[in-house]
Amino acid sequence: MDAWDGYPAARERLYASFRQSGARPLVLSGDSHAFWANDLADDAGRPVAVEFGTTGITSPSIGDAMPALPIGDLLAKANDEVLLCDQRAKGYILLTLTPQKAHAAYIAMSTIFARDYSERQIAAFALAADAKTPKLQSVD
């Protein structure tokens, strides 16, 4: 498959380069057709980075194919790194970066089938700029 878990050696090399640089990386991702918020850890369980992942506005996901199955909740419960996985919502992330923190508001659309729609925030996470260890905090 083309997910990170299909490339463990490449992932560990990338994480090692994060550590060597002394950076506290914030990973922005997409094209998974789902919303994600992850605390990324290496194979030894050491925190490496945080990830904000966004869905597309109109791209279907596996959650759309099996709406009765809570796939996002199941993935989050089975993976310590996953703070949020929403396989059904469509929308975008409103990312605000300041010298103090990164704040990600997950915005979902009410519909992708009509011109009239509404937006609602389904989650929000923050990462403090001065955090010694990357760790997301859920915020309202």
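Scanning both residues, Leu26 and Ala102, for their nearest heavy atoms gives CD2-CB, 3.9 Å. The nearest pair of heavy atoms linking Ala108 to Ile122 is CB-CG2, 3.7 Å. Contact detail for Glu81 and Leu40: the closest heavy-atom pair is OE2-C, 3.9 Å. When all heavy atoms of Val139 and Ala126 are compared, the closest pair comes out as CG1-CB, 4.1 Å. Of all heavy-atom pairs between Gln121 and Ala124, the closest is NE2-CB, 3.4 Å. Nearest heavy-atom pair across Ala129 and Pro99 is CB-O, 3.1 Å.
Without hydrogens or angle criteria, His33 side chain to Pro60 main chain gives a donor-acceptor distance under 3.5 Å. For the pair Asp39 (side chain) and Leu136 (backbone), a donor-acceptor distance under 3.5 Å is present. No donor-acceptor pair closer than 3.5 Å links the side chain of Ser61 to the backbone N or O of Ala34.
For Ile62, the CD1 atom sits in a loose shell: 12 or fewer heavy atoms of surrounding residues, nucleotides or ligands are nearer than 6.0 Å. Within 6.0 Å of CZ on Arg19 lie more than 12 heavy atoms contributed by other residues, nucleotides or ligands.
Taking NZ of Lys135 as the reference point, atom CZ of Arg24 lies at 16.0 Å (rounded to 0.5 Å). Note that CD1 of Ile57 and CE of Met109 are 4.5 Å apart. Values are rounded to the nearest 0.5 Å. Rounding to the nearest 0.5 Å gives a distance of 10.5 Å between CG of Asn79 and CG of Leu74. Note: Leu83 CG to Trp36 CH2 = 11.5 Å, rounded to the nearest 0.5 Å. Expressed to the nearest 0.5 Å, how far CD1 of Ile71 lies from CG of Asp86 amounts to 11.0 Å.
Residues satisfying the ring-ring contact (aromatic ring centres under 6.0 Å, His included) criterion with Tyr106, sequence neighbours excluded, are Phe35, Phe125.
Under the 4.5 Å side-chain heavy-atom criterion for ILVMFWY residues, a single connected hydrophobic cluster contains both Val48 and Leu14.
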Show me the donor-acceptor pairs within less than 3.5 Å that the side chains of residues 90-98 make with the rest of the protein, sequence neighbours left out.
from  : atom 1 : to     : atom 2 : distance (Å)
Lys90 : NZ     : Asp64  : OD2    : 2.7
Lys90 : NZ     : Arg88  : O      : 3.2
Tyr92 : OH     : Glu119 : OE1    : 3.2
Tyr92 : OH     : Glu119 : OE2    : 3.3
Thr98 : OG1    : Gln100 : N      : 3.2
Thr98 : OG1    : Gln100 : OE1    : 3.4
Thr98 : OG1    : Lys101 : N      : 3.1
Thr98 : OG1    : Lys101 : O      : 3.2

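For the pair Leu75 and Val82, the minimum side-chain heavy-atom distance is 4.5 Å or more.
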